[in-house]
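Predicted model, so just to flag it, every value in this text is computed and none were measured.
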Amino acid sequence: MCPLTTELTIQRLYDDNRDALQLGWFAGFPGGERLISGDTASAADQIGHLNLIHPGRMQVFGHQEVEYHQRLSPETRNDHINELVAGEPPAFIIAQGLETPSDIFAICEEKNIPLFSTPLPAAEVIDYLRVYLSKKLAQRVMMHGVFMDVLGVGVLITGASGLGKSELGLELISRSHGLVADDAVEFSRIAPNMIEGRSPKLLQNLLEVRGLGLLDIKAIFGETAVRRKMRLKLIVHLVRRNAMDEETERLPFSSPTQDVLGLAIRKVIIPVAAGRNIAVLLEAAVRNTILQLRGIDTLQEFIERQRQAMTSD
């Protein structure tokens, strides 16, 4: 796995959202290079209504916040602003088309803190930017393998070079499943319990098969044979049969998992040998995973059936 890093500047945030949020930039122009850092688990802490609890948060002023600020005595208001600035907020956003308090404007100019204004309600601005930030600041990693949509389940096929991962992907495509990415797959943790995978733009719709070279799957099989993105639910790891551990349990009492961006992803290990139909085995593994996601565990049901048979004798 190769971790990927993303740096998001206030300038980039402004450029990406200027039209959608009708943003105006009125002060603190040199602060455009300020960085917003974090991950998808903390995206909600990157922006919110005015408060002093979250240092480093973009502070949004709506009607209530502006009225509260103006009710403070000059001394308290000055202390309040200094405390806000000490937390190094990346930007201030004045919502609902409100007039910016003069002391806020002045401190933004002095400290080079970008000051934005929008006619939209504060809650709408916060909700919109939280979704934007959760995507932009998502933890990301590049993994090697073939990523497929099999029966609506995102399946990453991994294994050593030469085991036939791409050939397996091609057979699955011929069985009406969909290709997401081949060789390099970019995974992002877009929510606390959700990982999404997609292909780098350079490799979209392409599958490399030994002896055939690069195949344009969309051109050969049609649009229904490719997917833009899928959520990762299962990893199928191919191994040479003689490389399987002799002590590997035939009926493991717990399903193996693999850590991807901090989440435990279900994993199935399939030995590759002449005469084995790996595509059928993979489809069966996916169907079994779907049952497990629905709370149906075949092994546990078998153990319970065996216990009942033993107690009834």
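Judged by distance alone, with hydrogens and angles left aside, the side-chain atoms of Asn17 form a donor-acceptor pair with the main-chain N or O of Leu13 at under 3.5 Å. Panel note: side chain Arg227, backbone His177; no donor-acceptor pair is recorded below 3.5 Å. Thr118 places a side-chain N or O within 3.5 Å of a backbone atom of Leu120 that can act as its donor or acceptor partner. Looking only at distances, no side-chain donor or acceptor of Asn288 sits under 3.5 Å from a matching main-chain atom of Ala284.
Within the 4.5 Å cutoff, the side chain of Val180 has no heavy atoms near those of the Ser199 side chain. Inter-residue side-chain proximity for Met148 and Leu282 is flagged as unmet; no heavy-atom pair is nearer than 4.5 Å. With contacts defined as side-chain heavy-atom distances shorter than 4.5 Å, the pair Val286/Val155 qualifies. Residues Trp25 and Gln11 meet the side-chain proximity criterion, which asks for heavy atoms closer than 4.5 Å. You'll find the side chain of Leu115 reaches within 4.5 Å of the side chain of Thr100, heavy atoms only. Side-chain contact between Ile36 and Met58 is present, with heavy atoms from C-beta onward closer than 4.5 Å.
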Is there a side-chain contact (heavy atoms from CB on, under 4.5 Å) between Glu167 and Glu171 once you walk through the steps?
-> CA-CA 6 Å; Glu167 289 85 347; Glu171 184 173 356; over 6 Å; no
Do Ile157 and Leu168 pass the side-chain contact (heavy atoms from CB on, under 4.5 Å) test, and can you show the C-alpha distance, the side-chain angles, and the key distance before you say yes or no?
-> CA-CA 9 Å; Ile157 305 170; Leu168 174 58; 3.9 Å; yes
Criterion side-chain contact (heavy atoms from CB on, under 4.5 Å) on Met143 and Leu156, from CA distance to verdict | CA-CA 9 Å; Met143 296 181 67; Leu156 176 65; 3.7 Å; yes
Step by step, work out the side-chain contact (heavy atoms from CB on, under 4.5 Å) result for Arg287 and Leu291.
-> CA-CA 6 Å; Arg287 293 181 187 277; Leu291 289 178; 5.9 Å; no
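The cluster map of Ile, Leu, Val, Met, Phe, Trp and Tyr, joined by side-chain heavy atoms under 4.5 Å apart, puts Tyr14 and Phe29 in the same cluster. Hydrophobic clustering of Ile, Leu, Val, Met, Phe, Trp and Tyr side chains at less than 4.5 Å, counting indirect connections, keeps Met230 apart from Leu203. Residue Leu293 is not grouped with residue Leu263 when hydrophobic side chains (ILVMFWY) are merged at heavy-atom distances under 4.5 angstrom, including chains of intermediate members.
Atoms CG and CG, on Asp182 and Leu170 in that order, are 10.0 Å from each other to the nearest 0.5 Å. With rounding to the nearest 0.5 Å, the separation of CD1 in Ile94 from CG in Leu23 is 12.0 Å. For the atom pair CG (Asp149) and OG (Ser176), the distance works out to 11.0 Å, reported to the nearest 0.5 Å. Taking CG of Leu151 as the start and CG of Leu172 as the end, the distance is 9.5 Å to the nearest 0.5 Å. Within the model, atoms OG1 of Thr158 and NZ of Lys165 stand 7.5 Å from one another, a figure rounded to the nearest 0.5 Å. Between the CG atom of Leu129 and the CZ atom of Phe116 there is a distance of 9.5 Å, given to the nearest 0.5 Å.
In this structure, Lys233 places its NZ atom where only 12 or fewer heavy-atom neighbours from other residues, nucleotides or ligands lie under 6.0 Å away. Within a 6.0 Å radius of CZ in Arg77, other residues, nucleotides and ligands contribute more than 12 heavy atoms. Within 6.0 Å of CD in Glu301 there are more than 12 heavy atoms belonging to other residues, nucleotides or ligands. By the 6.0 Å contact criterion, CZ on Arg307 is enclosed, its count of non-hydrogen atoms from other residues, nucleotides or ligands being greater than 12.
Residues forming a ring-ring contact (aromatic ring centres under 6.0 Å, His included) with Tyr132 (at least two apart in sequence, or on another chain): none. Taking Arg198 as the reference, Glu196 meet the side-chain hydrogen bond (donor to acceptor under 3.5 Å, both in side chains) condition, with sequence neighbours excluded. For Gln64, there are no side chain to side chain contact (heavy atoms under 4.5 Å, CB included) partners, not counting sequence neighbours. For Ser73, the side-chain hydrogen bond (donor to acceptor under 3.5 Å, both in side chains) test picks out Thr76, with sequence neighbours left out. Checked against side chain to side chain contact (heavy atoms under 4.5 Å, CB included), Arg276 has the following partners two or more places apart in sequence or in another chain: Arg241, Ile270, Pro271, Ala273, Ile278, Leu281.
In plain terms, the two heavy atoms of Gln96 and Pro121 that are nearest each other are CG-CA, 3.5 Å. Leu163 and Leu238 make their closest contact through CD1-O, 3.2 Å (heavy atoms, listed as atom of the first residue, atom of the second, distance). The two residues Gly197 and Phe187 come nearest to each other via the heavy atoms CA-CD2, 3.4 Å. Shortest non-hydrogen contact noted between Val60 and Ala122 is CG1-CB, 3.8 Å. Among all heavy-atom pairs drawn from Leu234 and Leu232, the shortest one is O-CD1, 3.6 Å. The two residues Gly154 and Phe147 make their nearest non-hydrogen contact at C-CE1, 3.6 Å.
Partner of Gln258 under the side-chain hydrogen bond (donor to acceptor under 3.5 Å, both in side chains) criterion, out of Lys267, Arg266, His237: Lys267 alone.
Between His69 and His80, the two ring planes are tilted [angle within 30° to 60°].
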Report, one line per pair, each donor and acceptor closer than 3.5 Å where one atom sits in a side chain of residues 206-225; sequence neighbours left out.
unit_1 : atom_1 : unit_2 : atom_2 : d
Arg210 : NH2    : Ser161 : OG     : 3.1
Asp216 : OD1    : Lys218 : N      : 3.2
Asp216 : OD1    : Ala219 : N      : 3.1

